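What follows is a set of notes on a single structure, which appears directly below.
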2 protein chains.
Amino acid sequence: MKYEGIYVAPTLVVDSIIFQLQAGALTVLLIKRNQEPFLGTWALPGGYCAAGETTHQAMQRVLLDKTGVNTDDLELTEQLYTFDTVARDPRGHAVSVSYMGLGKDLEPGSGPDLQSPAFFPVDDLPDLAYDHADIIAYAHSRLKAKLTYTNAVFALLPKTFTLSTLQAAYEAVLGRPLDKRNFRKKYLSLGLIEATAEMFKEGAHRPARLYKFCQPDLQTLERSFD
Amino acid sequence: MKYEGIYVAPTLVVDSIIFQLQAGALTVLLIKRNQEPFLGTWALPGGYCAAGETTHQAMQRVLLDKTGVNTDDLELTEQLYTFDTVARDPRGHAVSVSYMGLGKDLEPGSGPDLQSPAFFPVDDLPDLAYDHADIIAYAHSRLKAKLTYTNAVFALLPKTFTLSTLQAAYEAVLGRPLDKRNFRKKYLSLGLIEATAEMFKEGAHRPARLYKFCQPDLQTLERSFD
DNA sequence: ACAAAAGTGTTAAGAATACACCCATGT
DNA sequence: ACATGGGTGTATTCTTAACACTTTTGT
């Protein structure tokens with residue numbers, strides 16, 4: 001072993017990629033940086049992880065501090081990847097552990113200490129600091145995969161939902177239209193959702209049956225979706 | 001932001017999970033710890049990541065130092081997961097970035113500085129330090145998944161191989177027998193491998209055709225395997 | 001009555017599974 | 001000639017993909 005004297009660890013940071021659906025589009029939470037480097041540029045919310053703090057705890061703290069979003073309001077959190085970045089920081093080399101979070105009806109806070117948090121459609125992002133555009137693209141591809149082999153959509157939807165809403169969620173994430181009849185047939189055959197007694201009435205058209213997930217936690221599908 | 005004074009990063013370590021096939025079994029590289037904690041207990045090769053060093057570089061250095069295995073001899077390396085561990089180390093909290101490596105004909109070195117590196121069948125592991133048994137189980141499950149949706153087997157096989165060898169590799173990783181005719185039909189239909197002109201003669205039976213991968217790098221399958 | 005979204009079935013093609021015998025070689 | 005592993009085909013079931021009209025409601 002080499003480090004018999006003083007051991008100096010690399011800077012450790014955490015970044016969050018928080019997705020939700022808004023107006024039928026998949027959106028991601030960004031902040032406007034209020035310090036150099038990349039002052040004034042949009043970026044993923046991130047910050048330092050301190051000794052004695054797990055990366056997950058650091059993620060929760062940083063997310064709350066910078067965006068006002070509480071991780072208790074997320075339905076699903078998952079570690080994404082750990083990036084080695086050379087010029088992430090004026091200190092030089094840093095290691096960034098990134099987490100993906102999914103939720104619904106998330107409200108970025110507003111206040112002087114927050115960094116203008118806002119959700120942007122993933123198909124219409126502003127210029128981003130660092131390699132954050134790549135990280136978002138990677139998270140998006142992971143999310144697509146996750147929707148095909150798990151029931152992770154539940155984290156993007158309300159407790160009860162119509163089949164059209166469910167299909168729209170898949171279409172928003174996957175970025176392409178799906179056949180209505182095939183979608184319903186297949187999804188119902190998976191046995192993950194069940195009809196409730198309620199209907200959803202809205203507008204001048206036939207009411208829709210409301211469904212719910214049988215189990216509100218992450219399940220792996222045996223037949224992968226699409 | 002909280003850390004305006006001195007910032008102290010958590011201890012950052014890297015661990016390697018190196019797999020290869022030996023005598024038809026999937027094996028993983030372990031060392032016998034020569035220090036506390038867990039002195040004398042088998043463990044995954046791991047060590048500190050220092051400032052100025054990427055986690056990947058640290059993994060390469062640590063692996064070579066502790067086992068004599070050179071990462072240049074690995075056919076495939078992939079970051080696995082980053083574990084927050086509380087009691088990993090006498091220093092207290094640590095963050096461990098783990099990498100999975102695949103290779104063939106890997107020879108652990110021997111020498112006074114090395115920590116008795118040896119390959120053990122994943123189905124017959126000794127008692128392990130820390131949560132390394134869990135980490136290996138996780139890596140194994142990721143490897144199984146990887147074999148079903150990519151051509152990652154190439155990293156476990158020689159340049160040319162028979163279909164029986166290929167099937168045996170799948171069976172060793174997945175831990176269950178596969179049907180010979182269906183396996184061949186499906187694998188050949190994927191178009192990832194092609195027959196060479198050579199045959200492999202061995203023993204008192206019909207020689208086997210040797211195949212090779214068309215492209216010797218990682219490909220994602222469109223139809224997932226099995 | 002009409003506009004708007006909900007709901008519903010069939011057919012055809014492709015993929016997965018189950019299954020048993022002959023072939024080429026060395027001894 | 002026999003033992004050993006290499007090599008091959010078919011029938012059945014299940015899954016996927018393509019495709020259009022009727023129903024219920026509010027205005």
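Source: prediction; values computed, not measured. Just so it is clear, the values below take in all heavy atoms, side chains as well, and ignore hydrogens, waters and symmetry mates. Lettering follows sequence order; numbering is per chain, from 1.
No side-chain donor-acceptor contact under 3.5 Å links A:Y130 and A:T41. A donor atom on one side chain and an acceptor atom on the other are not found under 3.5 Å apart for A:R184 and A:S189. In this structure, a donor-acceptor pair under 3.5 Å is absent between the side chains of B:T220 and B:T150. A donor and an acceptor atom, one from each side chain of A:D84 and B:T55, are located under 3.5 Å apart. Side chain to side chain, B:S96 and B:D15 meet the donor-acceptor criterion of an N or O pair below 3.5 Å.
For the segment residues 165-174 of chain A, the set of residues with a heavy atom within less than 4.0 Å of an atom of DNA chain C is empty.
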Legend entry - Nucleotide-resolved protein contact map, nucleotides 17-27 of chain C, B/S/- at heavy-atom distance under 4.0 Å: BBBB--BBBB-
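Taking a cutoff of 4.0 Å between a charged side-chain nitrogen and a carboxylate oxygen, B:R209 and B:E198 do not qualify as a salt bridge. Between A:R176 and A:E171 there is no salt bridge, since no side-chain nitrogen of the basic residue lies less than 4.0 Å from a carboxylate oxygen of the acidic one.
Rounded to a whole Å, the CG atom of A:L188 is 12 Å from the C1' atom of C:dT8. Taking atom CZ on B:F225 and atom C1' on C:dA16, their separation rounds to 11 Å, with Å as the unit.
For B:K66 (side chain) and B:G46 (main-chain N/O), a donor-acceptor pair under 3.5 Å exists by modelled atom type.
Regarding contacts with the backbone of C:dG7, a side-chain N or O of A:R184 is found under 4.0 angstrom from either OP1 or OP2.
The shortest heavy-atom contact between B:Q20 and B:G103 is CB-O, 3.3 Å.
Residue-level contact check: A:S164 touches the backbone only, with heavy atoms under 4.0 Å from sugar-phosphate atoms and none from bases.
In this structure, B:K212 is not positioned above the aromatic face of B:F161 in the sense of NZ or CZ being under 6.0 Å from the six-membered ring centre and within 45° of the axis.
Boundaries of the chain A contact region on DNA chain D are D:dT15 to D:dG26, first to last in 5' to 3' order (nucleotide atom under 4.0 Å from a heavy atom).
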